[in-house]
Trainee: 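Have a look at this one before I ask anything.
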Amino acid sequence: MELQTFKSQVLPVKDKLFRIALNMMRSVEEAEDILQDVMVKLWDKREQWGEYRNLEAFAVTITKNLCLDLLKSKRMKGHFDIQEMELDSGAVSPYQRIELDDSVKTMVRVFEQLPDQQRLLITLRDVEGYSYEEIAEQTGLEVNNIRVGISRARKKAKEDYLKIANYEQQ
């Protein structure tokens with residue numbers, strides 16, 4: 001029964017866990033390592049699965065904590081590999097392509113400068129599409145604190161992006 005539960009409840013969310021780890025770690029290799037550690041930890045705690053209301057939320061919490069631990073231990077300030085992001089619409093001129101690439105690079109730079117918690121909240125809400133209540137369950141934060149954190153992160157990202165974009169145009 002444990003293997004069946006693992007296959008039906010944990011394996012379907014592994015892609016979400018990977019994306020969360022990738023957004024936090026900014027490295028495919030480290031995100032893969034984190035995901036592997038999460039799967040091992042979840043399997044090792046299989047006797048305790050009944051104690052958790054939401055196994056997916058527990059998995060996200062483990063992922064977040066492992067990422068934060070690794071970030072703290074290395075005090076890393078790595079860079080996201082922008083070449084992994086492909087913007088291909090087929091109808092974009094080379095000039096528009098350069099503009100889009102610059103915008104994406106700028107947004108990634110702005111996103112990287114957000115505090116870890118704000119980056120996590122934005123990832124969970126805007127990238128993964130979790131509700132505020134689900135984020136609260138996964139992070140242990142109050143819903144109002146989550147709303148404020150996301151609002152501040154969006155505002156800061158917008159301001160920083162506009163500063164950079166306007167400066168580069170001058």
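For reference, positions follow the sequence shown, starting with 1.
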Trainee: With a 4.0 Å cut-off on N to O distance, would you call Arg109 and Asp160 a salt bridge?
Mentor: no

Trainee: With rounding to the nearest 0.5 Å, note down the distance linking CG in Leu22 to CD in Glu29.
Mentor: 10.0 Å

Trainee: If we only count heavy atoms from C-beta on, is the Phe18 to Glu32 side-chain gap below 4.5 Å?
Mentor: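 Phe18 reaches Glu32 side chain to side chain.
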
Trainee: Could you see if Leu35 belongs to whatever hydrophobic cluster contains Trp43? Use Ile, Leu, Val, Met, Phe, Trp, Tyr and a side-chain cutoff under 4.5 Å.
Mentor: yes

Trainee: Does the side chain of Leu66 come within less than 4.5 Å of Lys41's, by heavy atoms?
Mentor: yes

Trainee: Can you name the closest pair of heavy atoms from Thr106 and Tyr161 and give their distance?
Mentor: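 Shortest heavy-atom separation between Thr106 and Tyr161 comes out as CG2-CD1, 3.4 Å.
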
Trainee: Please say yes or no: joined through hydrophobic side-chain contacts below 4.5 Å, possibly via intermediate residues, are Leu3 and Val40 part of one cluster?
Mentor: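 In one cluster: no.
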
Trainee: Does any part of the side chain of Gln117, heavy atoms only, come nearer than 4.5 Å to the side chain of Leu141, both counted from C-beta?
Mentor: yes

Trainee: Going by an N to O cut-off under 4.0 Å, is there a salt bridge joining Asp116 and Arg119?
Mentor: yes

Trainee: Would you compute the distance between atom CG of Asn65 and atom CG of Asp37 and round it to the nearest 0.5 angstrom?
Mentor: 13.0 Å

Trainee: Restricting to non-hydrogen atoms, name the atom on Leu42 and the atom on Ala59 that form the minimum distance, rounded to 0.1 Å.
Mentor: CD1-CB, 3.7 Å

Trainee: Is the closest side-chain heavy-atom distance between Ile150 and Gln118 below 4.5 Å?
Mentor: no

Trainee: Once rounded to the nearest 0.5 Å, what's the spacing between atom CG of Leu114 and atom OG1 of Thr123?
Mentor: 9.5 Å

Trainee: Is any side-chain heavy atom of Lys156 less than 4.5 Å from a side-chain heavy atom of Arg152?
Mentor: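 No, every pair of side-chain atoms sits at 4.5 Å or beyond.
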
Trainee: Is it the case that one hydrophobic cluster holds both Leu68 and Met25, taking links as side-chain heavy atoms less than 4.5 Å apart, direct or via other members?
Mentor: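 Per the 4.5 Å side-chain linkage, Leu68 and Met25 are co-clustered.
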
Trainee: Salt bridge or not between Glu137 and Arg53? Use side-chain N to carboxylate O under 4.0 Å.
Mentor: yes

Trainee: For a 4.5 angstrom cut-off between non-hydrogen side-chain atoms, does Thr139 reach Thr61?
Mentor: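 Contact flag for Thr139/Thr61 side chains = no.
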
Trainee: Is there side-chain contact between Leu70 and Ser73, with at least one heavy-atom pair below 4.5 Å?
Mentor: yes

Trainee: Measuring from Glu51:CD to Lys45:NZ, what's the distance to the nearest 0.5 Å?
Mentor: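 Interatomic distance, Glu51 CD to Lys45 NZ, rounded to 0.5 Å: 9.5 Å.
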
Trainee: Between Asn54 and Glu56, which heavy-atom pair has the shortest distance, and what is it?
Mentor: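 Of all heavy-atom pairs spanning Asn54 and Glu56, the closest is OD1-N, 3.0 Å.
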
Trainee: Just how far is it from atom SG of Cys67 to atom CG of Leu17, taken to the nearest 0.5 Å?
Mentor: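 It comes to 9.5 Å.
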
Trainee: Considering non-hydrogen atoms only, spot the tightest contact between Lys64 and Gln138 and give its length.
Mentor: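 Closest pair (atom of Lys64, atom of Gln138, distance): NZ-O, 4.4 Å.
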
Trainee: Rounded to the nearest 0.5 Å, how far does CD of Gln4 lie from NZ of Lys7?
Mentor: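 Result: 6.0 Å between the selected atoms.
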
Trainee: Counting C-beta onward and ignoring hydrogens, is there a side-chain heavy-atom pair between Leu55 and Val13 closer than 4.5 Å?
Mentor: no

Trainee: If two hydrophobic side chains count as joined below 4.5 Å and joins carry through other members, does Phe111 share a cluster with Val127?
Mentor: no

Trainee: Which atom pair, heavy atoms only, marks the closest approach of Ala136 to Val143?
Mentor: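 Smallest heavy-atom distance, with atoms named: CB-CG2, 4.0 Å.
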
Trainee: Measure across Leu120 and Met24 and return the closest heavy-atom pair with its distance rounded to 0.1 Å.
Mentor: CD1-SD, 3.8 Å

Trainee: Does Arg125 qualify as a cation-pi partner of Tyr132, given the criterion of NZ or CZ under 6.0 Å from the six-membered ring centre and within 45 degrees of its axis?
Mentor: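 Yes, Arg125 lies over the aromatic ring of Tyr132.
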
